[in-house]
Amino acid sequence: MECKICGCKDSKQIYNGTIRDGIFGNYTQKPVEMWQCCSCGAIYHENITKSASYYESVEYREKMGEKPGDYEALHDREVLEKLNYTGTDIFRNKIVADIGCAGGSFLDFVSGAADKVIGIEPTSAYHGILLEKGYHVYAYANDALEDFENTVDVVTSFDVIEHVENPVTFLKECHRLLVPGGRIIIGTPTEQPVMRMALGAEYDRFLFSTQHLWILNKESLELSARQAGFKNIHVSYRQRYGLGNLVAWLKHKKPMGNVSWPYISESVSKNWALNCEERELADYIIIYAEK
Ligand SMILES: [Zn+2]
C-alpha cells in the first residue's frame with residue numbers, strides 16, 4: 001500500500017474488522033483493513049463503497065443523522081467552538097470560502113463581517129438555501145476556481161479533509177483559490193489517542209468509518225500542507241469532548257456526547273480537555289497555513 005500523502009510504500013495494517021458505516025450502530029457487513037503509513041503516520045483505508053456522487057446525495061446526510069430541513073438546529077451550536085479557533089478578526093471585509101459548508105451555519109455568522117461569502121458544498125439539496133442567503137455556491141473547490149482563483153482571503157473547512165480521496169490534492173485546490181498571503185484554517189478529527197488508549201478495539205470500531213478515508217495526525221497534516229505549497233504552517237489541538245464523554249464511553253461503550261456526571265465539575269472537565277490538548281492527545285486538530 002502506497003501512502004498518497006508521502007509516497008511511502010511501507011504501511012502496516014493496524015486493524016481488520018467491521019467499521020462504522022454512518023452514525024453509531026451501523027457497521028460494515030465485511031471486515032475492512034485499516035492501514036497506517038510508517039512514515040507520516042496517516043491512517044487510511046481503500047475507498048470501499050463510496051463514489052464522489054455519494055456526498056452529493058441527501059442519502060449521505062441522512063445516514064449521518066441529518067436532514068437539510070433541520071440542519072441549522074443541529075449545527076448552529078457548533079459555530080461558537082469554530083469561531084474560538086478561527087478568531088473573528090480575520091473575516092472583516094474579506095472574501096471567505098467555507099468548503100463543505102452544508103447549510104451554511106458557519107458562514108451565516110461570518111457573513112456579517114465578510115465582504116463576500118463562498119459556500120462550497122457537494123450536497124446539492126443545500127444549494128437553494130445557500131443561494132437564498134446570497135452566497136456564491138459551488139459543489140467543489142475546483143468549480144469555484146473559474147470565478148475565484150487567486151482571490152480568496154480565507155478558506156475554512158471543518159470535518160471535510162478526512163473524506164477526500166487525496167488530502168494533498170484537496171489542499172492544492174484551497175491553495176489555488178487563495179490570494180497570495182491568504183490563509184487556510186482546516187479542522188479534522190485526529191486518531192484520538194486518549195480514547196483509543198482507554199478503550200482499545202472497542203473505540204477503533206467507532207473511530208474507523210467508511211465515510212472517513214483518512215485519519216490525519218499533526219505530521220501527516222503538516223506534510224500535506226507543505227506538499228500543496230503552503231508556508232507558515234501551524235497546528236493546534238482541540239479537545240471537543242470533555243471528561244464526561246470518556247466516562248460515558250467507559251460505562252456504556254457508546255458515544256453519548258458531552259455527558260454531565262454529578263462527580264465531575266465543569267472545571268475538572270475543562271482542565272482534562274486542556275491536558276489532552278497540551279499533550280497532543282486531543283480529539284481534533286486544526287491546521288493554519290498561508291499561501
Ligand atoms: Zn505517509
Side-chain angles (χ1 to χ4, degrees), residues 1-17 19-20 28 31-52 55 99-100 140-142 155-178 183-197 200-201 203-238 276-277 279-291:
M1 299 287 265
E2 183 175 325
C3 173
K4 287 181 189 163
I5 292 174
C6 71
C8 176
K9 291 196 173 73
D10 189 14
S11 290
K12 64 172 188 287
Q13 195 191 92
I14 56 164
Y15 181 86
N16 185 7
I19 62 172
R20 181 159 58 98
T28 54
V32 175
E33 297 173 351
M34 298 296 305
W35 297 84
Q36 183 161 32
C37 173
C38 293
S39 178
C40 75
I43 296 173
Y44 59 91
H45 60 66
E46 287 297 284
N47 192 357
I48 316 153
T49 48
K50 312 306 180 212
S51 62
Y55 290 115
I99 303 180
Y140 295 97
N142 229 353
V155 169
T156 57
S157 181
F158 309 104
D159 305 290
V160 171
I161 195 168
E162 65 275 14
H163 297 271
V164 307
E165 240 359 272
N166 186 324
V168 179
T169 308
F170 173 81
L171 288 165
K172 279 182 178 165
E173 287 168 4
C174 297
H175 193 270
R176 284 182 68 189
L177 277 174
L178 288 171
R183 288 190 263 183
I184 48 164
I185 304 173
I186 288 176
T188 184
T190 66
E191 58 200 333
Q192 304 186 69
V194 72
M195 297 293 272
R196 291 178 76 201
M197 272 179 216
Y203 194 72
D204 281 356
R205 195 164 170 251
F206 169 77
L207 174 67
F208 302 146
S209 66
T210 53
Q211 60 268 28
H212 291 177
L213 309 187
W214 296 92
I215 301 174
L216 300 171
N217 60 8
K218 185 178 180 179
E219 195 180 353
S220 51
L221 194 53
E222 282 177 345
L223 181 63
S224 303
R226 271 203 304 279
Q227 309 249 37
F230 283 98
K231 58 185 184 186
N232 298 332
I233 299 165
H234 162 72
V235 159
S236 89
Y237 281 83
R238 296 294 283 206
C276 294
E277 289 166 7
R279 289 169 185 238
E280 304 192 340
L281 298 173
D283 57 31
Y284 205 68
I285 194 169
I286 301 127
I287 188 161
Y288 304 81
E290 267 179 46
K291 179 168 179 175

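The figures that follow rest on heavy atoms only: side chains count, while hydrogens, waters and symmetry mates do not. One-based numbering, in listed order, for ligands and for the atoms of each. Start at 1 with the first residue, then count along the sequence.
In this structure, His175 has its ring center under 6.0 Å from that of Phe230.
Residue contacts to the Zn ion (ligand 1): Cys38 brings no N, O or S atom closer than 2.8 Å.
Ile215 is not listed as a side-chain neighbour of Glu162, based on a closest heavy-atom distance of 4.5 Å or more.
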Worksheet item: Can you check salt bridge (Lys or Arg N to Asp or Glu O under 4.0 Å) on Glu290 and Lys231, steps first, answer last?
Response: CA-CA 5 Å; Glu290 267 179 46; Lys231 58 185 184 186; 5.2 Å; no
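Geometry note: the Zn ion (ligand 1) is the vertex, Cys37 SG and Cys40 SG are the arms, and the angle is 110° (rounded to 10 degrees). Rounding to 10 degrees, one finds that the Zn ion (ligand 1) sits at the corner of an angle of 110° between Cys6 SG and Cys3 SG.
Cation-pi contact between Arg20 and Phe206: present, with separation from the ring centre below 6.0 Å and deviation from the ring axis of at most 45°.
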